[in-house]
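Basis for what follows: all heavy atoms, side chains included, without hydrogens, waters or symmetry-related copies. The shown structure was predicted, so the numbers you read here are calculated from the model rather than taken from an experiment. A, B, ... follow the sequence lines: proteins, then strands. Residue 1 opens every chain.
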Number of protein chains: 2
Amino acid sequence: MSTIRGARERARIEVTAAIKDEARKQLAEEGAPKLSLRSVARELGMVSSALYRYFPSRDDLLTALIVDAFDAIGAAAERAAAEPAAGERAGVLPPAERWVAVSCAVREWALAHPHEYALVYGSPVPGYIAPMDTVGPAARVGLVLIDIVRGAYRAGELTLPPLADELRADAERMAAEFAEGVPPEAVAALVAAWAQLFGLISFELFGQFNRVVEEREALFRQSAGELARSVGLRDAGTD
Amino acid sequence: MSTIRGARERARIEVTAAIKDEARKQLAEEGAPKLSLRSVARELGMVSSALYRYFPSRDDLLTALIVDAFDAIGAAAERAAAEPAAGERAGVLPPAERWVAVSCAVREWALAHPHEYALVYGSPVPGYIAPMDTVGPAARVGLVLIDIVRGAYRAGELTLPPLADELRADAERMAAEFAEGVPPEAVAALVAAWAQLFGLISFELFGQFNRVVEEREALFRQSAGELARSVGLRDAGTD
DNA sequence: CAAGAACGAGAGCAGTGCTCTTGCTTTGGG
DNA sequence: CCCAAAGCAAGAGCACTGCTCTCGTTCTTG
């Protein structure tokens, strides 16, 4: 289905990509609120109304950028999960260290792309309802973390954290829905750790740590390690 | 210095308050991006240019709302910290439970005022530099948490968490600057827990938990308790 | 080859933040 | 008491935004 029928179709996907690229450029430079359809069109040498042939509204353009941003973050996380640390044998990195590596990869992507991060993990646009095609890409980081925990569980290296009774049913549902093979205790701790991870990144990126924390990377590393422990991954060096 | 000189001065503070009230109303209803000076002026029966006598720009109006929102969150946290739980004697609430109570108070305020929460803890306005008069109100929740930990430490009820070496110096600086009387180990864990707390709230509020977590209050309670433990507050029931 | 769909350009609408000028009212010093 | 100075509301206007509609042109396809 990826066969290109004619010149027109080819031009369409090219122009669509050019629009997204220019939009992403402006997003990275000035942030989402200052991204304007007209200036994108201007930069591309076309008139603003022509742009509506490719994106029915500004929100749809932003949605495309949101999907791309989620995909980029997810890809960064997956890369960090797959890549063995320098000088280590592939795949034998202890789960807790993999968890920290993934966390750091996400943080570094966020620091490198602050406006795109803010677009996906900052305040949502008030009237905006996330379309279905964002939920897949949005889940990728979470799935990477789930994979790490599942691997540790299968290897018998997971210490189950405690689980409040009111949470058990919900945790079992989550495990069945998107974290098969992970015990409910770990799933509940996992989603909490997932949110807390992004809390650390958001606070740093959104300026809440200004005049407060200086050694942000060290604090993040330590906290990410602590979060790994909280889901049951044993510290490196613990047999 | 709160003496009102004349009718003009009195009118000024009244109009200023009316503008802020109307702005807050629109903020609560439609969110920050849709808050327009013109519509505020319209609703107040004045012309838009007249509004500039009271707020030099839209950003300044938003800043005023930001300060108010920080103050409201801080006040909610302080109230929760002071109030003894129902049926308990004042002041004898264990620190870990006070921590959770404050956390829940912040979360409840956020759920009740999502747009105002997003304004202060969501994506910052790209060009925006937080004026000095926001840092005081912004610190209030943090100070409440610090107070709880300090109280526990003074009562000998604090189990010091581990502290990475690279963080020690920064933690000692922070302790000296705004957390006097709290050991550096706890300060480092505290700022991390502080960020993670808002990470949980933001994920819930900004829709990241949609289709993922259902029992959000239970998950939050459990996580807040876990965070209390992470800064060294002992679980209730532990002697 | 001709009907029809896709497309780019332009004008136009309603809305925005913000500035400037024009008069009116309140204030405070001589 | 009176009048200049300062504070204020109103209106017009500028440059910008997202978005719609129309009008020729170009490409695709039956």
Exercise. Base, sugar-phosphate alone, or nothing: which one does B:Leu35 contact when heavy atoms must sit under 4.0 Å apart?
Worked result: sugar-phosphate

Exercise. B:Phe55 near the nucleic acid: base, sugar-phosphate alone, or nothing, with a heavy-atom cut-off under 4.0 Å?
Worked result: nothing

Exercise. Can you find a pair of side-chain heavy atoms, one from B:Ile19 and one from B:Glu43, that are under 4.5 Å apart?
Worked result: no

Exercise. Considering only heavy atoms from C-beta outward, does the side chain of B:Glu30 approach that of A:Pro126 to under 4.5 Å?
Worked result: no

Exercise. In chain order, what residues pass the side-chain contact (heavy atoms from CB on, under 4.5 Å) check against B:Arg42, with sequence neighbours excluded?
Worked result: B:Arg38, B:Ser39

Between [N] ([atom2]) and [X] ([atom1]): distance, integer Å:
{"X": "A:Arg10", "N": "D:dT28", "atom1": "CZ", "atom2": "P", "value": "11 Å"}
{"X": "B:Lys34", "N": "D:dT17", "atom1": "NZ", "atom2": "P", "value": "19 Å"}
{"X": "A:Arg12", "N": "C:dA6", "atom1": "CZ", "atom2": "C1'", "value": "8 Å"}
{"X": "A:Leu61", "N": "D:dG18", "atom1": "CG", "atom2": "C1'", "value": "12 Å"}
{"X": "B:Ile13", "N": "D:dC8", "atom1": "CD1", "atom2": "P", "value": "12 Å"}
{"X": "B:Asp59", "N": "C:dT16", "atom1": "CG", "atom2": "C1'", "value": "14 Å"}
{"X": "B:Leu51", "N": "C:dT16", "atom1": "CG", "atom2": "C1'", "value": "14 Å"}
{"X": "B:Asp60", "N": "C:dC18", "atom1": "CG", "atom2": "C1'", "value": "13 Å"}

Problem set entry | Donor-acceptor pair present, B:Arg38 side chain and C:dG15 base, under 3.5 Å |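 Not at all, since no donor on one side and acceptor on the other fall under 3.5 Å apart.
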
For this session: Output the single nucleotide from C:dC18, C:dC7, C:dT16 whose closest atom is nearest the side chain of B:Leu37.
Result: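 Of C:dC18, C:dC7, C:dT16, C:dC18 is nearest to the side chain of B:Leu37.
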
Exercise. In terms of ring plane angle, is the pair B:Phe198 and B:Trp194 parallel, tilted or perpendicular, where the classes change at 30° and 60°?
Worked result: perpendicular

Exercise. Does anything in residues 44-81 of chain A pair up under ring-ring contact (aromatic ring centres under 6.0 Å, His included), and if so which pairs, sequence neighbours excluded?
Worked result: A:Phe70-A:Tyr121

For a quick test of your reading: what N or O donor-acceptor pairs under 3.5 Å do the side chains of residues 205-217 of chain A make, sequence neighbours left out?
{"residue": "A:Arg216", "atom": "NE", "partner": "A:Val213", "partner atom": "O", "Å": "2.8"}
{"residue": "A:Arg216", "atom": "NH2", "partner": "A:Phe209", "partner atom": "O", "Å": "3.3"}
{"residue": "A:Arg216", "atom": "NH2", "partner": "A:Val213", "partner atom": "O", "Å": "3.1"}

Problem set entry | Interface residues of residues 15-32 of chain A with DNA chain D (non-hydrogen, below 4.0 angstrom) |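 Contacts with DNA chain D under 4.0 Å: none.
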
Listing request: all salt bridge (Lys or Arg N to Asp or Glu O under 4.0 Å) pairs with a residue in [range], at least two apart in sequence or in separate chains.
{"range": "residues 52-64 of chain B", "value": "none"}
{"range": "residues 134-146 of chain B", "value": "B:Asp71-B:Arg140, B:Glu78-B:Arg140"}
{"range": "residues 99-127 of chain B", "value": "B:Arg107-B:Glu204"}

Exercise. By salt bridge (charged side-chain N to carboxylate O under 4.0 Å, His left out), which residues pair with A:Asp133, not counting sequence neighbours?
Worked result: none

Problem set entry | salt bridge (charged side-chain N to carboxylate O under 4.0 Å, His left out) against B:Glu172, all qualifying residues, sequence neighbours excluded |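 Here the qualifying residues are B:Arg168.
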
Problem set entry | 5′-ward residue of the pair A:Ser39/A:Pro56 relative to DNA chain D |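 Mapping each residue to its closest nucleotide by heavy atoms, the 5'-most match is A:Ser39.
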
Exercise. Within the structure, does a side-chain N or O atom of A:Arg42 lie under 4.0 Å from either OP1 or OP2 of C:dA9?
Worked result: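 No, A:Arg42 has no side-chain N/O under 4.0 Å of OP1/OP2 on C:dA9.
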
For this session: Would you tell me if any nitrogen or oxygen in the side chain of B:Tyr52 comes within less than 4.0 Å of OP1 or OP2 on D:dC8?
Result: no

Exercise. What is the minimum heavy-atom distance between A:Ala81 and A:Val144, and which atoms define it?
Worked result: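 Shortest heavy-atom separation between A:Ala81 and A:Val144 comes out as CB-CG1, 3.6 Å.
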
Exercise. Closest heavy-atom contact between B:Pro114 and B:Leu111?
Worked result: CD-O, 3.5 Å

Exercise. Which residues, if any, of residues 43-50 of chain A bring a heavy atom under 4.0 Å of DNA chain C?
Worked result: A:Met46, A:Val47, A:Ser49, A:Ala50

Exercise. Does B:Glu14 pair with B:Arg10 as a salt bridge, N-O distance under 4.0 Å?
Worked result: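 Judged by the 4.0 Å cut-off on N to carboxylate O distance, B:Glu14 and B:Arg10 do not form a salt bridge.
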
Exercise. How large an angle, rounded to 10°, do the end axes of the helix from C:dC1-D:dG30 to C:dG30-D:dC1 enclose when each is built from five base pairs?
Worked result: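 Angle reported: 0°, given to the nearest ten degrees.
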
Just the atom pairs and distances: protein N or O near nucleotides 22-25 of chain C's N or O, under 3.5 Å.
none

Exercise. Would you say the side chains of A:Gln26 and A:Glu22 form a donor-acceptor pair under 3.5 Å?
Worked result: yes

